[in-house]
Amino acid sequence: MKIRLIYLMTLIFSLVFLNSCQSKKQSNLETAQIDSTGIILVYQKLLNEPTLIQISKDIRVGKYFQFMDSVVGKYDSIVPYDLSEHLLVRNNPWIIDTLENTDYYRMMARDSFVYDQKQMIVLPKGSQLTIPDSLSACKLLEAFSNTEIDVNIPEYKLRIFQDSTLLYEFPVRVGQFRERYLKFGDRVTDLRTKTGKGSIVKHVKHPDFYNPVNGKRFYVTRRDDEKTTMMPQIPWIETEINNVRNGQMIHPTTNPKTLGKAYSNGCIGLGEADSWRVYYYAPLGTKLRIRYDLETYDEGMVISVLRDIYHLAN
């Protein structure tokens with residue numbers, strides 16, 4: 001009787017916790033609760049042990065998303081929460097570390113020239129992925145809902161906050177202070193990065209690359225060291241600012257010398273390694289704030305005044 005009571009208390013706690021995740025699979029849990037064998041069945045379903053997946057062959061960057069989608073597709077119908085690629089990778093943080101190390105400049109620092117990043121192995125044969133148990137999944141989903149991306153344009157910084165706690169800070173490049181004709185819009189466009197509040201609305205996992213000025217497609221890039229490589233496969237993140245999708249993306253740059261500058265056509269550019277981490281901390285719906293604050297603070301005191309790159313203070 002005492003053991004059964006412990007199971008019951010655990011079940012009640014688990015159901016309350018899972019409800020906070022707003023799972024679309026709640027109907028499945030309700031069905032399980034009415035089962036005549038009762039508490040132990042539901043207990044096992046909610047607090048199942050993490051599931052290990054053995055990777056049977058090397059997975060390269062070019063096939064990485066296809067593999068991850070296949071894992072999510074297979075296990076989403078089994079677990080009592082909504083499994084996603086972001087949830088799976090955040091439960092296996094070593095994957096982010098591995099993806100970060102496909103950065104061209106990190107490889108060059110190890111005296112390894114990589115012409116085609118898509119051929120690099122990111123999930124080696126024999127490694128394991130862990131499908132999170134229900135409580136771990138709910139904690140991660142809660143973390144997603146409490147995450148905000150913050151960009152301060154004149155500071156050239158992108159920050160990731162969770163529950164108002166700073167997790168990461170990355171250097172970025174922002175839009176130029178000028179107008180320019182862009183073929184994609186077929187008009188003269190103000191290239192300054194737009195400010196406002198919004199969210200992440202789309203991930204482009206297999207981006208095609210076009211010159212926004214002349215509309216021509218390209219496949220290779222010239223690096224800061226004057227070497228030419230294929231464009232890397234790293235997701236681009238589409239934003240919606242003040243309820244408007246204006247094509248302002250968060251995406252990698254293959255030329256990190258441009259970070260800390262007003263250089264882009266309006267998008268927010270990151271280093272390759274940093275782009276992977278930002279992507280996995282920015283699932284769809286993640287809150288976003290892009291601001292133009294010239295004063296930086298520490299403990300309520302102004303510690304620096306930034307250069308007014310867009311001349312907005314005049």
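- Between Tyr310 and Tyr292, a ring centre-to-centre spacing shorter than 6.0 Å is recorded.
- Hydrophobic clustering of Ile, Leu, Val, Met, Phe, Trp and Tyr side chains at less than 4.5 Å, counting indirect connections, keeps Val244 apart from Ile268.
- Remark: Arg307 CZ is loosely packed, at most 12 non-hydrogen atoms of other residues, nucleotides or ligands lying under 6.0 Å away.
- Residues meeting the side-chain contact (heavy atoms from CB on, under 4.5 Å) test with Thr147, sequence neighbours left out: Ile160, Gln162, Thr286.
- Not a single side-chain hydrogen bond (donor to acceptor under 3.5 Å, both in side chains) links Gln66 to another residue, sequence neighbours left out.
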Verify salt bridge (charged side-chain N to carboxylate O under 4.0 Å, His left out) between Glu240 and Lys287, making sure each step is shown before the conclusion.
CA-CA 10 Å; Glu240 182 178 277; Lys287 296 181 287 293; over 6 Å; no
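- Partners of Asp58 under the salt bridge (charged side-chain N to carboxylate O under 4.0 Å, His left out) rule, at least two apart in sequence or in another chain, do not exist in this structure.
- Relative to the ring axis of Phe161, Arg289 does not place its NZ or CZ within 45° and under 6.0 Å from the centre.
- In this structure, Thr98 contributes its side chain and Trp94 its backbone to a donor-acceptor pair below 3.5 Å.
- Ring planes of Trp236 and His251: parallel class, angle under 30° (limits at 30 and 60°).
- Aromatic ring centres of His86 and Tyr279: separated by under 6.0 Å.
- A distance of 6.0 Å or more separates the ring centres of Tyr219 and Phe209.
- Ion pairing of Glu272 with Arg106 is absent here, as no side-chain N (NZ or NE/NH1/NH2) approaches a carboxylate O to less than 4.0 Å.
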